[in-house]
Amino acid sequence: MSKFNTFLKHKLEQNKLSKNKFAKMLGVSPTYVGDMIRGTKGPPDIELQIKIADCLNILGSERDNFFNRIAKEKNEIPCDIYKKVLLNEDKWNEIRKILKEK
């Protein structure tokens, strides 16, 4: 699995987006986008991850892989799962039960 910055660079090329145009779409500076592409800045926070996926039209299993890739680099739970779990307290005990079983 490639690093986030390599994936991001590829998707920008695939979508024929300049870093300036992409930065404007995300509401961040072109410098920040350049830093992400070069790998000098790691993957962004949850909200920006979702914006990136939306702006680059990353859907289906590719979207899952995108969030998984970032989560592995950040040593976190994938943001799509995190948001669903965070907003669904009823599932917290179910998750705890699953974790205790392993």
Using a 3.5 Å distance criterion without hydrogens, assess whether the side chain of [X] forms a donor-acceptor pair with backbone atoms of [Y].
X   : Y   : result
Q49 : P44 : yes
N88 : K84 : no
E73 : F4  : yes
K19 : G34 : no
K51 : M25 : no

Closest heavy-atom contact between [X] and [Y]?
X   : Y   : answer
D90 : E94 : O-OE2, 4.1 Å
Y32 : K41 : CE1-CD, 3.9 Å
K21 : L17 : CD-CD2, 3.8 Å
G42 : M36 : O-CG, 4.2 Å
R38 : D35 : NH2-OD1, 2.5 Å

- Task: Is it possible for you to say whether I50 and L87 belong to one hydrophobic cluster, with membership spreading through side-chain heavy-atom contacts below 4.5 Å?
- Result: no

- Give the cluster check for L59 versus I81: same hydrophobic cluster or not, with ILVMFWY residues linked at side-chain heavy-atom distances below 4.5 Å. no

Separation between [atom1] of [X] and [atom2] of [Y], rounded to the nearest 0.5 Å:
X   : Y   : atom1 : atom2 : result
C79 : K74 : SG    : NZ    : 9.0 Å
H10 : N15 : NE2   : CG    : 9.0 Å
T6  : R69 : OG1   : CZ    : 9.0 Å
N65 : I58 : CG    : CD1   : 10.0 Å
L8  : F66 : CG    : CZ    : 7.0 Å
L12 : I37 : CG    : CD1   : 5.0 Å

- Task: For the pair F7 and K3, evaluate side chain to side chain contact (heavy atoms under 4.5 Å, CB included) and give the outcome as yes or no after the intermediate values.
- Result: CA-CA 6 Å; F7 179 84; K3 288 188 157 204; over 6 Å; no

- Would you say I95 has more than 12 foreign heavy atoms packed within less than 6.0 Å of its CD1?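 Correct, the count exceeds 12.
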
- Flag side-chain contact, heavy atom, 4.5 Å: I52 against F22: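 The answer is yes, as the side chains (C-beta and beyond) meet within the 4.5 Å cut-off.
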
- Message: The criterion is side-chain hydrogen bond (donor to acceptor under 3.5 Å, both in side chains); which residues satisfy it with D54, sequence neighbours excluded?
- Response: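 Partners of D54 by the side-chain hydrogen bond (donor to acceptor under 3.5 Å, both in side chains) criterion, ordered by chain and then number, come out as R63.
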
- Please walk me through it: do E62 and K11 pass side chain to side chain contact (heavy atoms under 4.5 Å, CB included)? CA-CA 11 Å; E62 185 182 32; K11 290 303 286 184; 3.1 Å; yes

- Given K83 and E47, is the salt bridge (Lys or Arg N to Asp or Glu O under 4.0 Å) satisfied, shown in steps? CA-CA 10 Å; K83 289 206 60 110; E47 297 306 320; 2.8 Å; yes

